[in-house]
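The structure under discussion appears below in the form of structure tokens.
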There are 2 protein chains.
Amino acid sequence: MGILHRDIRSSSDVPLVCRACEARHGGVCAALSPEQLSELSRRSTRHRLDAGTEVVGQGESMERYSNIVRGVVKLTKVMADGRQQIVGLQFAPDFLGRLFLSESAVAAEAATDTEICSFSRGTLDQLVTRTPELGEKLHRQALKELDEARDWMLTLGRKSAQEKVASFLHLIAVNIDPENDSTASFDLPLSRADIADFLGLTIETVSRQFTRLRKENVIRLVNNRQVTVPDMALLTRLAGND
Amino acid sequence: MGILHRDIRSSSDVPLVCRACEARHGGVCAALSPEQLSELSRRSTRHRLDAGTEVVGQGESMERYSNIVRGVVKLTKVMADGRQQIVGLQFAPDFLGRLFLSESAVAAEAATDTEICSFSRGTLDQLVTRTPELGEKLHRQALKELDEARDWMLTLGRKSAQEKVASFLHLIAVNIDPENDSTASFDLPLSRADIADFLGLTIETVSRQFTRLRKENVIRLVNNRQVTVPDMALLTRLAGND
DNA sequence: GGAAGCGTTTGATTTTGATCAAATCACCGG
DNA sequence: CCGGTGATTTGATCAAAATCAAACGCTTCC
């Protein structure tokens, strides 16, 4: 399905240079020299993706890579009969794409309204051959995603529903509101249905666990999406991470 | 705990050169020039690991990397209360180790009697800086492991017990007996307890599903470990992979 | 205002897999 | 051969989460 975006370039005076990427986060830009950065900037475009926009489908070829500038992207796998599993969440400033293999093993979809900075495979491939540090950076990102995937396998295989929901909230808190580590406050980037697909549960079970955590004062819900965690240590304990 | 091995070198005349690796599989050796290969061979040692031997513990530093020459290594994560999840299986000729990060996020243990060909971090790091193809090879391996981990997340999160056991048998068949694709015959590298830890089930449930698959003629069990699959297509279907 | 639609919550019931318990099997050493 | 030990299977019961069903709350749009 490709990228169903609207190109900000044409609708505003935001310069093509990937300045926002450079300033706000350490995506691929961080490994590049000033000249390379300006080259990448010239060849990259900024896009806004509305929540729900598919970036790439499962098994599709991925002709463009992206840095996530703002927002959350979910990676999903679907079975033939429709059962679905979210296998990863990518937060800014994560890189979206993989070297060597153009075929994407997962579908990527904007979970929230998202901004990305994207460029073609060829552009990045060229930069990588000239800049070993960039290859190393992408290698490190792959290893980080591998660690995250394996952490989540433990959650999926061995934790109770309550521990799963606590683990999810913990993950979001750490990634969205990392400043404060004793307390946290954030907007959930996923609907209850998505959370269920991430945790291998049903919507109803997720909802019941939210209610339970609320009644036990582990979390406070301003509305369905806005969460406050008064005691992160307690949440960590309930998540089974000691 | 380090490697509890017995060094074959001292007990036999097997040469130090990693000739077996080169001949039998495409581990890291495949990316090296003849000179580099002979250098790596000089610096590497071959070891036999009895089933159950721990190669590296969760969170430990990994000072040596290895190619798996023969056998199966399981990667596990453990929770504080003892709950355990196998997060990956490595078959020959997989590489065991990771660049950049010496700290292992998982414990690695020989599931079967295993032979590895191992060398120090420093040796490989040097080779990688001189040989970009080698870095690429390791990057590809990381991406392959990531794909496998995410595939398994779907299994853990969304499949029934029967589908899980069928998925496990399918995985083993593909990796141990890859020649024949309509039929398969192999020895299970894992005990029922390990299979349970891989699938996020209990021993009893795994056993019941084996019995069920046997009664439905999906598999035949010569003994607890030896399995024959008369119809791989059927197994694939039961695993939920269409 | 009110009807429609969607996401979420709550309730009643069922199902799957876990737990508890015991029997069986396979292998090993005396 | 026999008793012992650990792995596996089988059986009975229980509990957690799924399923089925309905209500609720919120937004949108006549």
Side-chain angles (χ1 to χ4, degrees), chain A residues 50-52 74 79 81-86 111-112 155-169 187-216 219-227 238 240, chain B residues 50-52 74 79 81-86 111-113 155-169 187-216 218-227 238 240:
Chain A
D50 292 331
K74 58 183 184 183
M79 290 173 65
D81 63 5
R83 279 175 287 176
Q84 201 166 2
Q85 176 69 43
I86 294 182
T112 62
T155 299
L156 289 173
R158 288 302 183 202
K159 291 188 184 173
S160 69
Q162 185 176 31
E163 288 171 322
K164 283 180 175 183
V165 171
S167 297
F168 168 73
L169 291 168
D187 265 34
L188 292 175
L190 301 185
S191 68
R192 297 292 185 272
D194 279 342
I195 297 170
D197 281 343
F198 193 31
L199 295 172
L201 299 171
T202 58
I203 299 179
E204 294 94 326
T205 299
V206 170
S207 177
R208 282 183 237 275
Q209 296 304 329
F210 266 92
T211 307
R212 184 172 164 195
L213 290 173
R214 185 168 44 72
K215 284 183 178 159
E216 292 172 353
I219 57 174
R220 212 159 309 140
L221 292 172
V222 181
N223 59 40
N224 285 337
R225 292 289 187 130
Q226 263 190 288
V227 179
L238 288 177
Chain B
D50 292 330
K74 59 183 184 187
M79 289 173 67
D81 63 5
R83 279 175 288 177
Q84 201 166 3
Q85 176 69 44
I86 293 182
T112 62
D113 288 355
T155 299
L156 289 173
R158 287 302 182 200
K159 291 188 184 173
S160 68
Q162 185 177 32
E163 289 171 322
K164 283 180 175 183
V165 171
S167 296
F168 168 72
L169 291 168
D187 265 34
L188 293 175
L190 302 185
S191 67
R192 297 291 184 274
D194 279 342
I195 297 170
D197 281 343
F198 193 32
L199 295 172
L201 298 172
T202 58
I203 299 180
E204 295 94 326
T205 299
V206 170
S207 178
R208 281 184 238 276
Q209 295 304 329
F210 266 92
T211 307
R212 184 172 164 196
L213 290 173
R214 185 167 45 71
K215 284 183 177 159
E216 291 172 354
V218 179
I219 58 174
R220 212 159 310 139
L221 291 172
V222 181
N223 61 41
N224 284 337
R225 291 290 186 127
Q226 263 190 290
V227 179
L238 289 177

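Protein chains get the first letters and strands the later ones, always in sequence-line order, with residue 1 at the start of each.
Side-chain N or O atoms of B:Gln84 include none that pairs as donor or acceptor with a backbone N or O of B:Met79 at under 3.5 Å.
In this structure, B:Arg225 atom CZ and D:dA7 atom C1' are separated by 9 Å, rounded to whole Å. Straight-line distance from the CG atom of B:Asp194 to the P atom of D:dG6: 17 Å, rounded to whole Å. Spacing between atom CD of A:Gln226 and atom C1' of C:dT8 amounts to 17 Å, rounded to whole angstrom units. Distance, A:Ile195 CD1 to C:dG7 P: 13 Å, rounded to whole Å. For A:Arg83 and C:dT16, the CZ to P distance is 13 Å, given to the nearest whole Å.
Considering only residues two or more places apart in sequence or on other chains, A:Glu204 meets the salt bridge (Lys or Arg N to Asp or Glu O under 4.0 Å) condition with none of them.
Between atom OG1 of residue A:Thr155 and atom NZ of residue A:Lys164 there is a gap of 8.5 Å, rounded to the nearest 0.5 Å.
Evaluation of the salt bridge (Lys or Arg N to Asp or Glu O under 4.0 Å) test over residues 187-202 of chain A, restricted to residues two or more places apart or in two chains, returns A:Lys74-A:Asp194, A:Asp197-B:Arg158.
Between A:Phe210 and A:Ile195 there is a side-chain heavy-atom pair separated by less than 4.5 Å. Here the side chains of B:Leu169 and B:Leu213 are in contact, with some heavy-atom distance below 4.5 Å.
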**OP:** Go along nucleotides 9-24 of chain D 5' to 3' and tag each nucleotide: B for a protein heavy atom under 4.0 Å from its base, S when only backbone or sugar atoms are that close, - otherwise.
**Re:** BBBB----SSBB----
